[in-house]
Amino acid sequence: MKNISNISLSGKKVLIRVDFNVPLDENFNITDDSRIQAALPTIKKVIADGGKAIIMSHLGRPKNGFEERFSLKHTVKHLSDLLEKTVQFSSDCIGENTTTDIEKMEDGDVLVLENLRFYSEEKAGDNDFTKQIASLGDVYVNDAFGTAHRAHASTAIIADYFPDNKYFGHLLSNEISSLEKALDKPERPFTAIIGGAKITGKIDVITSLFDKVDNLIIGGGMAYTFAKSMGGNIGNSLVEDEKVELAKSLIADAKTKGVQLLLPSDSVNADDFNNNATIQNSAITNVPNGYMGLDIGSESITRFSNAILESKTIVWNGPMGVFEMENFSNGTKKIGEAICEATKNGAFSLVGGGDSVAAVKQFGFADKVSYISTGGGAMLEYLEGKQLPGVVAIQK
Ligand code: AMP
């Protein structure tokens with residue numbers, strides 16, 4: 001892997017594409033700095049080598065041009081605090097002023113450029129724009145896994161301008177090796193746990209995982225479409241009627257491919273989508289009318305946990321229930337506990353996807369799993385077996 005570890009960046013202008021797409025409150029304070037923290041090892045490497053770290057990123061979804069709430073200047077003070085050194089800011093990401101800001105940099109300095117997506121050319125992968133950002137550096141480093149599945153100017157196309165000087169940063173290298181470890185050379189049994197609201201968006205992941213895993217556990221809202229496909233009564237639970245036939249054929253595919261498909265057998269139901277609703281438990285195929293299933297039941301937890309505890313490789317994407325509400329968080333919590341226990345016993349566990357990462361943090365499991373991926377969409381596309389443009393651009 002073309003990683004920055006073994007090269008010296010001394011005296012070089014190093015253009016680093018990071019993912020500083022962090023949540024900000026109404027006063028522009030960062031409410032979760034995980035993505036900035038994740039990029040620190042690469043930035044520190046450039047500083048330690050005596051290179052000039054030029055940081056590029058996007059933030060939010062600006063429509064067209066500058067918007068105060070999406071300015072990357074809001075990240076500068078926090079980055080300075082984390083690095084314990086003054087970080088400069090350039091109020092543009094191309095043009096004369098930015099070039100001048102870079103000329104003023106000394107070796108070991110750090111400069112954050114303004115939001116790349118203030119130019120629609122960034123997402124369009126415009127050639128002229130790409131050329132302009134490429135002209136700012138001697139070396140290109142991609143450390144943004146969150147956007148690795150996008151063929152944008154700064155995430156993929158720019159790499160063509162650095163045929164001999166393009167590298168993965170530490171974060172992106174770790175992301176790729178963790179995914180490779182899980183998917184390309186898994187120790188068996190290999191169990192994937194897929195949850196979340198809907199089957200839509202995860203069909204390709206499920207289909208692709210059938211070729212790789214020994215066990216596939218399905219939980220969350222999507223389980224009720226499977227229950228309906230088996231002829232069950234699911235009351236008011238979340239259902240995708242147009243996916244019922246697909247669910248049926250996925251159950252058949254699992255059999256053909258020799259994958260053990262573990263669907264919930266019981267369900268925790270509520271008479272309203274509300275933490276204080278009246279709760280009752282039933283078989284997942286027998287949810288009473290007027291009730292909706294919001295979590296997996298205790299029998300499902302035991303069955304799923306047993307499979308997880310026997311596994312040597314575990315991939316988890318998506319919660320088992322509406323974990324944001326305390327009364328429906330038990331399934332997600334217990335499955336998380338089983339993953340931590342399996343990890344303690346030597347399994348390799350990889351967690352990804354915004355909601356599962358939020359759950360892992362909420363329940364205090366973050367340092368008890370092997371790896372937490374920083375990219376939900378990028379991880380899903382990797383699980384689907386797709387090539388990520390940001391990764392291919394460095395490898396080719
Ligand atoms: P996704 O973005 O598809 O991964 O879905 C995550 C969301 O699914 C979370 O906000 C959960 O609250 C929600 N979810 C999980 N289980 C259920 C369920 N049984 N019914 C409705 N929503 C659910």
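Numbering of ligands and ligand atoms starts at 1, following listing order.
- Across all their heavy atoms, S267 and G293 have their closest contact at OG-CA, 3.5 Å.
- With hydrogens and angles left out, the side-chain atoms of E114 and S71 include a donor and acceptor closer than 3.5 Å.
- Ring geometry for F323 versus F363: interplanar angle over 60°, hence perpendicular rather than tilted (30 to 60°).
- Here is the list of ligand 1 atoms found below 4.0 Å of a heavy atom in G220: 16 (N), 19 (N).
- Protein heavy atom nearest atom 6 (C) of ligand 1, with residue, atom name and distance: D355 OD2, 3.0 Å.
- By the 3.5 Å distance cut-off applied to N or O atoms, G221 is counted among the residues near ligand 1.
- Taking distance alone, with nitrogen or oxygen atoms compared against 3.5 Å, A197 approaches ligand 1 more closely than that limit.
- Between D253 and K257, no side-chain nitrogen of the basic residue sits less than 4.0 Å from a carboxylate oxygen of the acidic one, so the salt-bridge criterion is not met.
- E324 OE1, 2.6 Å is the protein heavy atom nearest to atom 12 (O) of ligand 1.
- Neither side chain, E326 nor N275, offers a donor N or O lying under 3.5 Å from an acceptor on the other.
- The protein heavy atom nearest to atom 4 (O) of ligand 1 is K202 NZ, 3.0 Å.
- Shortest contact from atom 19 (N) of ligand 1 to any protein heavy atom: G293 O, 3.0 Å.
- In this structure, G321 counts as a contact residue of ligand 1, since one of its heavy atoms falls inside 4.0 Å of the ligand.
- Contact analysis leaves F328 out of contact with ligand 1, as no non-hydrogen atom separation drops below 4.0 angstrom.
- For the residue pair S208 and E384, no side-chain donor N or O sits within less than 3.5 Å of a side-chain acceptor on the partner.
- Applying the 4.0 Å criterion to heavy atoms of Y224 picks out, from ligand 1, the atoms 19 (N).
- Within the 4.0 Å heavy-atom shell around ligand 1 one does not find M222.
- Of the residues K166, K131, K396, the one that meets the salt bridge (Lys or Arg N to Asp or Glu O under 4.0 Å) test with D160 is K396.
- A donor-acceptor contact closer than 3.5 angstrom links the side chains of H58 and R17.
- Of the protein's heavy atoms, V322 CG2, 3.6 Å lies nearest to atom 22 (N) of ligand 1.
- Atom-to-atom distance recorded for I279:CD1 and L294:CG is 8.5 Å, nearest 0.5 angstrom.
- Between D295 and ligand 1, a contact under 3.5 Å exists for no N or O pair.
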